[in-house]
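Hydrogens, waters and symmetry mates play no part in the numbers below; they use all other heavy atoms, side chains included.
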Amino acid sequence: MSEKTKIIDAEKVVIRFSGDSGDGMQLAGTIFSNLSAVFGNEISTFPDYPAEIRAPQGTLGGVSGFQVHLGKNIYTPGDKCDVLVAMNPAALKTNSKYVKSNTVILFDEDSFTETDLKKADYKTLNPFEELGLKNVQLVGVPMETMVKSSLADMGMDNKAMLRSKNMFALGLICWLFNRPLEHAMDMLKNKFGKKPSVLEANIKVLTDGYNYGNNIHAGVSTYRIEKDDAQKGVYMDINGNKATAYGLIAASEKSGRPLFLGSYPITPATDILHELAKRKELGVKTVQAEDEIAGVCTAIGASFAGNLAATSTSGPGLALKSEAIGLAVMAEIPLVVIDVQRGGPSTGLPTKTEQTDLLQALYGRNGECPAVVVAASTPTDCFDMSFNACKIALEHMTPVILLTDAFIGNGSSAWRIPDISSYPEIKSPWVSEEIKDGWRPYKRNPENNVRYKAIPGMEGFMHRLGGLEKDYNTSAISTNPENHQIMTDTRQAKIDAIANDIPLLNVLGNPDSDTLVIGWGGTYGHIYSAVESLNNQNKAVAYVHFNYINPLPKNTQEILNKYPKIIVCELNNGQFASYLRSKVEGRMIHQFNRVQGQPFQVKDIEEAITKIMED
């Protein structure tokens with residue numbers, strides 16, 4: 001390390017890896033994130049995939065990014081980066097908006113030729129000046145040359161050697177952040193253990209990248225990041241989709257019911273299916289159906305047969321599943337529907353994030369068709385909300401729609417593996433011998449309107465369910481107008497009563513302020529960070545975050561009545577704000593909305609709240 005090198009002690013740092021979609025930036029970013037979690041840092045990650053399938057190499061449309069925020073008190077992946085890895089000019093151009101003063105930019109000099117600059121639509125031969133990147137620390141490294149030199153004696157062709165270029169960049173980043181390589185090597189062994197030659201090449205290039213950084217004579221700052229004083233336990237880096245899958249498994253264990261997932265692959269929800277397909281040793285059954293409708297219908301059949309049944313999808317798939325969800329509402333069958341929201345409408349932006357499926361989840365079915373709607377707020381919260389969705393579905397005999405989104409589904413955080421014994425038992429409303437005489441499929445518990453559950457094979461409880469309306473007393477098919485009113489009201493009352501079993505809202509920030517900020521779902525970290533920042537600036541702001549949307553928490557009206565000014569922030573054009581207006585009487589609600597396929601920027605939320613407070 002040169003004498004000019006300065007070590008910066010920092011509480012938190014943002015690193016963004018960027019390159020062509022074939023440059024392995026997701027892998028490099030994931031390994032560095034895991035490495036940081038091992039060393040006691042809180043982390044929040046944001047994989048930013050291109051929507052195109054392998055756009056032409058070196059073009060703007062093919063840029064793939066991975067951002068990680070690490071340190072203490074981390075709630076978001078960060079607005080702008082302290083370190084940018086740019087593997088080509090297109091990556092630099094696409095990500096220049098995330099660069100701030102004094103950012104360290106590590107770039108591959110070998111990929112900044114005149115031809116490369118033209119592919120990325122530069123007008124000059126000086127990309128940094130053209131992009132207005134001033135007061136930054138530039139570290140140009142001939143990565144392609146160094147990788148070829150590193151692997152020259154391994155008998156690999158040119159293309160195979162360059163696949164390891166991401167490991168050279170990762171080695172440089174590990175040097176920059178004073179990270180020893182042993183854990184990174186262990187992660188590579190887990191990934192490439194069955195390909196010894198690939199493993200050897202990656203480890204050699206990783207080590208050479210680290211050593212290159214250690215030996216270069218450049219006046220670039222290195223970083224020492226503060227560790228978090230975390231609760232003792234076993235931690236892992238987990239993304240929201242994996243946490244969702246684990247929550248389903250935990251609910252299966254707690255309910256004593258085998259888990260079944262019937263799904264059709266769709267971005268960005270497919271990883272839930274992949275993860276559960278690996279868990280046959282836990283009794284998990286998965287079916288990759290031929291389409292979305294088949295996926296949900298297999299789950300309904302599995303639920304009727306006594307399984308804890310779920311189906312996973314994204315917005316277009318939720319639309320296709322709507323009729324079958326209506327069947328589950330009418331038949332009053334437990335079902336968990338996971339919607340990992342993405343940009344729409346139609347195919348939209350498959351790899352980008354939004355919160356635009358809310359009204360579809362609430363109302364997107366024919367008839368009066370109430371279903372429970374809940375939402376996860378962080379990658380790790382996906383575990384708890386998945387578990388809670390299953391608990392509500394099984395105990396209240398209803399479909400539950402769990403809304404996550406591409407940001408928290410693909411993004412990750414450090415997760416303390418919980419003690420499953422601390423989670424509540426899940427008790428289905430089974431039929432019993434006491435009610436066997438005169439039992440009918442829609443015989444209900446009078447306290448909460450939940451019908452008693454029987455499954456095929458239970459002696460004395462033979463029954464049929466279906467999509468036609470049934471008589472309240474006899475459970476036979478009925479078209480009687482008065483009976484339909486009773487059954488419609490009863491199904492709604494059953495959902496409304498679930499408010500007795502969900503947590504009350506908790507006010508964060510400054511409860512004594514005049515302004516209340518509201519969020520829901522995966523925007524939690526960004527809004528919370530903005531509220532904390534404003535309160536630190538002596539701009540008093542309170543904050544409530546909704547995980548339970550239908551029904552709303554029982555104290556919703558009470559809390560909203562306390563604040564003269566209410567602001568709802570969401571990644572759509574105001575769907576939750578409109579819903580609140582329909583449920584909460586007499587309240588003026590302001591809105592801050594973005595529909596750009598990207599998470600919020602904390603700075604933008606701060607500015608919007610401040611403007612509304614001052615009006």
Proximity of F32 and H183 rings by center, below 6.0 Å: no
Decide yes or no for I173 and V83: does some side-chain heavy atom of the first lie under 4.5 Å from some side-chain heavy atom of the second? yes
How close do T76 and H69 get, heavy atom to heavy atom, and via which atoms? O-ND1, 2.8 Å
pair L273-Q288: side-chain heavy atoms closer than 4.5 Å: yes
Calculate, to the nearest 0.5 Å, the distance between atoms CD1 and CD belonging to I527 and E606 respectively. 12.5 Å
Might you point out which heavy atoms bring V541 and N535 nearest each other, and give the distance in Å? N-OD1, 2.9 Å
Do the rings of F387 and F383 sit parallel, tilted or perpendicular, given the 30° and 60° boundaries? parallel
Taken to the nearest 0.5 Å, the spacing of W520 CH2 from S377 OG works out to 11.5 Å
Quick one: do the N126 and T124 side chains pair a donor with an acceptor below 3.5 Å? no
Would you please test I338 and T244 for side-chain contact (heavy atoms from CB on, under 4.5 Å) and show each step? CA-CA 9 Å; I338 302 151; T244 298; 3.8 Å; yes
So L172 and V85, do their side chains get closer than 4.5 Å, heavy atoms only? no
Shortest non-hydrogen separation from P77 to Q67 and the atoms involved: O-NE2, 2.9 Å
Is there a side-chain contact between S18 and L84 (heavy atoms, below 4.5 Å)? yes
Under the salt bridge (Lys or Arg N to Asp or Glu O under 4.0 Å) criterion, do D271 and K242 qualify, and how do the steps go? CA-CA 7 Å; D271 285 344; K242 182 176 285 190; over 6 Å; no
Where G61 and A55 come nearest, the two heavy atoms and their spacing: C-CB, 3.8 Å
For F600, is the NZ or CZ atom of R594 found under 6.0 angstrom from the centre of its six-membered ring and inside 45 degrees of the ring axis? no
Other residues, nucleotides and ligands only: do more than 12 of their heavy atoms fall within 6.0 Å of CG on D153? no
With the side chain counted from C-beta on, respond yes when H526 and P599 share a heavy-atom pair under 4.5 Å apart, and no when they do not. yes
Do T523 and H545 have side-chain heavy atoms sitting under 4.5 Å apart? yes
With M156 via side-chain contact (heavy atoms from CB on, under 4.5 Å) - residues at least two apart: L151, M154, A160, M161, A201
Would you call D79 and K100 a salt bridge, using N to O less than 4.0 angstrom? no
So for atom CD, which belongs to Q57, do other residues, nucleotides or ligands contribute more than 12 heavy atoms lying within a distance under 6.0 Å? no
D82/K12 under side-chain contact (heavy atoms from CB on, under 4.5 Å): CA gap, chis, key distance, verdict: CA-CA 10 Å; D82 299 283; K12 53 186 73 174; over 6 Å; no
Do I249 and V284 come within less than 4.5 Å of each other through their side chains, counting heavy atoms only? yes
Distance, nearest 0.5 Å, that separates CG of N572 from CG of D357: 9.5 Å
How are the rings of Y246 and W415 set relative to one another: parallel (under 30°), tilted (30 to 60°) or perpendicular (over 60°)? tilted
Assess whether side-chain contact (heavy atoms from CB on, under 4.5 Å) is satisfied between V63 and N95, documenting all intermediate values. CA-CA 9 Å; V63 174; N95 292 285; 3.8 Å; yes
We want to know whether Y423 and D384 form a side-chain donor-acceptor pair, criterion being a heavy-atom distance below 3.5 angstrom. yes
Indicate whether any N or O donor in one side chain lies under 3.5 Å from an N or O acceptor in the other, for T30 and Q26. no
State the CZ-CG distance between F168 and N202, to the nearest 0.5 angstrom. 13.5 Å
How about S33 and D237: does a side-chain donor come under 3.5 Å of a side-chain acceptor? no
Aromatic ring proximity, centroids under 6.0 angstrom, F46 and F66: no
Using 4.0 Å as the upper bound for N to carboxylate O, is an ion pair formed by E200 and K204? no
Derivation of the side-chain contact (heavy atoms from CB on, under 4.5 Å) call for L402 and T404: CA-CA 7 Å; L402 169 60; T404 70; 4.2 Å; yes
Testing the 3.5 Å rule here: is there a donor-acceptor pair between the side chains of T113 and D116? yes
Can you tell me if D108 and S111 form a side-chain donor-acceptor pair at under 3.5 Å? yes
Quick one: does V544's side chain get under 4.5 Å of N506's, heavy atoms only? no
